[in-house]
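Because only heavy atoms are used, hydrogens play no part in the values below, and waters and symmetry mates are left out as well, while side chains stay in.
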Amino acid sequence: MLKDVTFGQYYPGNSLLHRTDPRIKMLILIEYLVLVLVANSEIAALLSLAFTVFLIAVSGVRFGILIKSVKPLIFVLAFTAIINLFFTVGEGEPLLNWGFITIYANGVRNAIMMLLRLLSLVLGTSVLISFTTSPLELTDAIEALLSPLKKIKVPVHEFAMMMSIALRFIPTLIEETNKIISAQKARCADFESGNLLKRIKALIPILIPLFVSAVRRAEELADAMECRCYNGGEGRTKLKVMKSRPADYAFLLAVTVLTVAVFFLNNISVSEIINLCKAIF
Amino acid sequence: MSFIEARGVEFSYSPDEEKVIKNIDLKIEKGSYVAILGHNGCGKSTLAKLLCGILTPTEGQILIDGADTADEEKSFEIRKKCGMVFQNPDNQLVASVVEEDVAFAPENLGLPRDEIRKRVDMALATVDMTEYKEHATYKLSGGQKQRIAIAGMLAMSPECIIFDEATAMLDPTGRKEIVAAMKRLNSEIGITVVTITHYMNEAVEADRIIVMNKGEIIADGTPKEIFSEVEKLQSVSLAVPQVAELMYLLEQDGHPLPRGVLHAMEAADLLEAYIKGAKND
């Protein structure tokens, strides 16, 4: 039932994105989201698309993996594109007027833009964070970036610790769930037939033992952590210290410039740029 | 002064429940290798938790290197000196990567980075897991996980490690690995080892065996002494090692053979001599 759940999506490697400081990557991610969502004019959209392609290219992630990550979203993508295509009411003559279906040029444009934007979001964030950052780097980066909040007593360290423990226990709990499912099947439990309500009810004998054992595990883990002198975040040192190199800052700066450029280009149409070029040369 | 000293210790999980531990006086010397044997539910795991300060006695006191486990201010010192390896290997690993997990205790102690690195490498070498240092913890076998748990304790450089049925969930190969590691820690590094178990073959390896029944110590002595008293062990539903049982049965049959023989070769030699002697008569 849970066979195809893979642990995390991290693909170890040594690409430019793998080597970038995870804290910087988190900041770049924020800028990237702004950039993709804001880009509205053709030229800005083209720029954001080019940047996404660049990210994918430098991540060194195999093409097959990218396709696999988009696959579950095909329905959503198609749905958004179709909605935009049919329901955008544009100016001027419709391209097609066939019974109740009317398609305007604007609709085609919106559909393509929306499709590209969603694709960029999915692929860009995946290659930037999930595919190239190990879960531990990720929690460390979040802890580091949120550390200013410690001053106002937000338990940042505890939050990061919880996250990394949760990640650590995913494979353990999946294994356990599979065992419980097998055990219940051996006792003639039926998970596959009946209506929705019946099938949801059939999950109860899986969930209850799972919760009980998770609580027991948590208790034991707490003892084990205490035995290893865990005392909260105060006075704690780290084996691995994150280091940002000049190249990381350069990368961040470049993306910042790009984001600002997108804001500017948003207000300029293609014809204006062509005019500008003509004026210059 | 003994390293661990229990004085009139009693313990119950709640005031209206029966006492799990009754009136225990116990001294464990530094550098010794002690096995605590007992039937299920005899309170041996509770005793283990009391001995390393996770639980505090309801009556009496436990001193670890002179520090009372009930003294909150000294709990950090006690934790540092006395580590514990638990039964379930999955519930005591904190991080997803082997070396990160081993580094957990020294990180908590706030040691400088170089020192952490040194201790992690040393600990992994001691349990013979150096080549796995960058592996994911969830992919290891039970015995390997337990060795990582031991390394995690070693990195704290404790003076004593308590093994709370650390081999109970392992296959025979894993069990052998862990027993070998315990012996090595005790003889080569001089760590005090207290192992709680119900496997006789493990107890044989210790210098001293303490037998518990219903929360009380009923026998305390060297393996030879303990396994000579076959009737006493059987009365509390504990089996003796096969060799000792064979010698005991032969003796019951009227053959004048010594008791408390623990190793197969030793028994074979004795039997050979006895048979030859009988023929000559």
(message) Can you tell me if Lys183(B) has over 12 outside heavy atoms packed within less than 6.0 Å of its NZ?
(response) no

(message) Given heavy-atom pairs under 4.5 angstrom as the criterion, report whether the side chain, backbone, both or neither of Lys139(B) touches chain A.
(response) neither

(message) What part of Asp101(B) gets within 4.5 angstrom of chain A, counting heavy atoms only: side chain, backbone, both, or neither?
(response) both

(request) Heavy atoms only, distances under 4.5 angstrom: which of Arg113(B), Gln92(B), Met84(B) has the most pairs with chain A? Name it, please. (result) Arg113(B)

(message) side-chain contact (heavy atoms from CB on, under 4.5 Å), that's the test. Do Met156(B) and Cys227(A) meet it? Break it down for me.
(response) CA-CA 10 Å; Met156(B) 198 166 75; Cys227(A) 269; over 6 Å; no

(request) Show your reasoning for whether side-chain contact (heavy atoms from CB on, under 4.5 Å) applies to Met153(B) and Arg228(A). (result) CA-CA 7 Å; Met153(B) 280 290 128; Arg228(A) 288 162 83 177; 3.2 Å; yes

(request) Check whether any side-chain heavy atom of Ile54(B) lies under 4.5 Å from a side-chain heavy atom of Glu226(A), and answer yes or no. (result) no

(request) Drop me the distance from Leu173(A)'s CG to Tyr138(B)'s OH, to the nearest 0.5 angstrom. (result) 13.5 Å

(message) Is it the case that over 12 heavy atoms from other parts of the model lie below 6.0 angstrom from the CZ atom of Arg19(A)?
(response) yes

(message) Please identify, among Glu100(B), Glu115(B), Lys49(B), Gln87(B), the residue contributing the most non-hydrogen atom pairs under 4.5 Å to chain A.
(response) Glu100(B)

(request) Could you tell me whether Lys19(B) atom NZ has more than 12 heavy atoms of other residues or ligands within 6.0 Å of it? (result) no

(request) Mind checking the CD-NZ spacing from Glu99(B) to Lys240(A)? Nearest 0.5 Å is all I need. (result) 4.0 Å

(message) Tell me which of these, Thr172(A), Leu239(A), Ile165(A), Asp223(A), has more heavy-atom pairs under 4.5 Å with chain B than the rest.
(response) Leu239(A)

(message) Is Ser75(B) close to chain A through its backbone or its side chain, or both, or neither, when contacts mean heavy atoms under 4.5 Å?
(response) neither

(request) Determine yes or no for a side-chain-to-main-chain donor-acceptor pair under 3.5 angstrom, with Arg217(A) supplying the side chain and Asp90(B) the backbone. (result) no

(request) Heavy atoms only: give me the nearest Glu220(A)-Asn88(B) pair and the separation to one decimal. (result) OE1-CB, 3.8 Å

Check residues 230-237 of chain A and write down every donor-acceptor pair under 3.5 Å in which the side-chain atom is one partner and the other belongs to a residue at least two apart or another chain.
residue: Tyr230(A); atom: OH; partner: His157(A); partner atom: NE2; Å: 2.8
residue: Arg236(A); atom: NE; partner: Asn108(B); partner atom: OD1; Å: 2.5
residue: Arg236(A); atom: NH2; partner: Glu107(B); partner atom: OE1; Å: 2.9
residue: Arg236(A); atom: NH2; partner: Asn108(B); partner atom: OD1; Å: 3.4
residue: Thr237(A); atom: OG1; partner: Leu111(B); partner atom: N; Å: 3.3
residue: Thr237(A); atom: OG1; partner: Leu111(B); partner atom: O; Å: 2.6

(message) With a 4.5 angstrom heavy-atom cut-off, is it the side chain or the backbone of Phe104(B) that approaches chain A, or both, or neither?
(response) both

(message) Please classify the contact of Pro106(B) with chain A as side chain, backbone, both or neither, using a heavy-atom distance under 4.5 Å.
(response) backbone

(message) Take a 6.0 Å sphere around CZ of Arg199(A) and say whether it holds more than 12 heavy atoms from other residues, nucleotides or ligands.
(response) yes

(message) Taking side chain as everything from C-beta outward and backbone as N, CA, C, O, which of these in Leu93(B) sits under 4.5 Å from a heavy atom of chain A? Side chain, backbone, both or neither.
(response) both

(request) Return yes when atom CZ of Phe159(A) has more than 12 non-hydrogen atoms of other residues, nucleotides or ligands closer than 6.0 Å, and no otherwise. (result) no

(request) State whether the number of non-hydrogen atoms from other residues, nucleotides or ligands found under 6.0 Å of Tyr249(A) atom OH is greater than 12. (result) no

(request) May I ask you to name which of Gly110(B), Ala103(B), Ala155(B) has the most heavy-atom pairs under 4.5 Å with chain A? (result) Gly110(B)

(message) Within a 6.0 Å radius of atom CD on Glu73(B), are there more than 12 heavy atoms belonging to other residues, nucleotides or ligands?
(response) no

(message) Sub-4.5 Å heavy-atom contacts with chain A: which residues of residues 117-131 of chain B show up?
(response) Arg117(B)

